[in-house]
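Note: hydrogens, waters and symmetry copies are ignored here, and every other heavy atom, side chains too, is used. These numbers come from a predicted model, not from an experiment.
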Amino acid sequence: MPIDTGVVPDNDEAYRKLLSKTDFEGTDVAATIHKFLEPLKAIPDTAMPPNIKFKTAVLQAQAQAGLTQDGILAVFDTLKARLQQEEDAFNAESAAVRGSRDYRPAGPHQPDHGAITQLQQQLAQLSGELVEAQGKSAHVQSQFAAAAQRRGGEIEQQKAQYAALLKG
């Protein structure tokens, strides 16, 4: 069964970063399952269906490597927690960036007409830069939120698939 991956607007850079940090296939548990599943791939699916191959590999992993069904499913909870940590770190960094922006001109200025005009021009320019920066920030935040939501859904779907396979 394919996993519904959803769609992330514009590009998948944020998603790819999250996937690299929360990919089940990169875990020791997945490597252990594949170690026992790989030899079974030589058996035609007509002789041994894929779900039976998987269950057999898991039983071998339990007997020979101490892998448990609860241990397999717990990896998905760990991946969800790691995803939440990434979201929290991103939100903290975004808040810090928003809080550190200081667009006021430096130093005192004499209130003459030339200086006032210059300050008004600087203010207009800085206001434009602020609007542009806010737009970029909002875009990055929406990209990350969409990627995190997509990856969270995938982890849940993958966990459900593994739970179903483990039940037999």
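- Side chain of Lys35 to main chain of Ala57: no donor-acceptor pair is present (N/O by atom type, distance under 3.5 Å, no hydrogens or angles).
- Partner of Thr22 under the side chain to side chain donor-acceptor pair (under 3.5 Å) criterion, chosen from Arg151, Glu86, Glu154: Arg151.
- Distance check: Glu93 CD to Asp88 CG gives 13.0 Å after rounding to the nearest 0.5 Å.
- Remark: side-chain polar atoms of Thr78 are paired, donor with acceptor, to backbone N or O of Ala74 under 3.5 angstrom.
- With hydrogens and angles ignored, the 3.5 Å screen pairs no side-chain donor or acceptor of Asp23 with any backbone N or O of Leu19.
- With Phe76 as the partner, the side chain to side chain contact (heavy atoms under 4.5 Å, CB included) test is satisfied by one option alone out of Gln158, Gln157, Glu156: Gln158.
- Across all non-hydrogen atoms, the minimal contact from Ala65 to Thr32 is CB-CG2, 3.8 Å.
- Residues Ile33 and Ile52 are members of separate hydrophobic clusters, defined by side-chain heavy-atom contacts under 4.5 angstrom among Ile, Leu, Val, Met, Phe, Trp and Tyr.
- Scanning all heavy atoms of the two residues, the minimum distance from Lys159 to Leu73 falls at O-CD2, 3.8 Å.
- By the 6.0 Å contact criterion, NZ on Lys55 is enclosed, its count of non-hydrogen atoms from other residues, nucleotides or ligands being greater than 12.
- Using a 4.0 Å cut-off between charged side-chain N and carboxylate O, Glu38 and Lys41 make a salt bridge.
- Residue-environment remark: CG (Asn51) exceeds the threshold of 12 foreign heavy atoms within 6.0 Å.
- If you chain together hydrophobic residues whose side chains sit under 4.5 Å apart, Val75 and Phe36 never meet in one group.
- Rounding to the nearest 0.5 Å gives a distance of 5.5 Å between CD of Glu87 and CZ of Phe144.
- Comment: Lys17 engages Glu13 in a salt bridge, judged by a side-chain N to carboxylate O separation of less than 4.0 angstrom.
- Rounded to the nearest 0.5 angstrom, Phe24 CZ and Tyr162 OH are separated by 4.5 Å.
- Under the 4.5 Å side-chain criterion, counting only non-hydrogen atoms from C-beta, Arg150 is in contact with Asp12.
- Within a 6.0 Å sphere centred on CD of Gln149, heavy atoms belonging to other residues, nucleotides or ligands number 12 at most.
- A distance of 4.0 Å separates CE of Met48 from OG1 of Thr56, quoted to the nearest 0.5 Å.
- The hydrophobic clustering, which links ILVMFWY residues whose side-chain heavy atoms are closer than 4.5 Å, places Leu165 and Leu40 apart.
- Between the CD atom in Glu25 and the NE2 atom in His34 there is a gap of 3.5 Å [rounded to 0.5 Å].
- Across every non-hydrogen atom of Gly152 and Lys80, the tightest pair is O-NZ, 3.6 Å.
- How far CG of Leu59 is from CG of Leu166: 9.5 Å, rounded to the nearest 0.5 Å.
- The two residues Ile43 and Lys53 come nearest to each other via the heavy atoms O-NZ, 2.5 Å.
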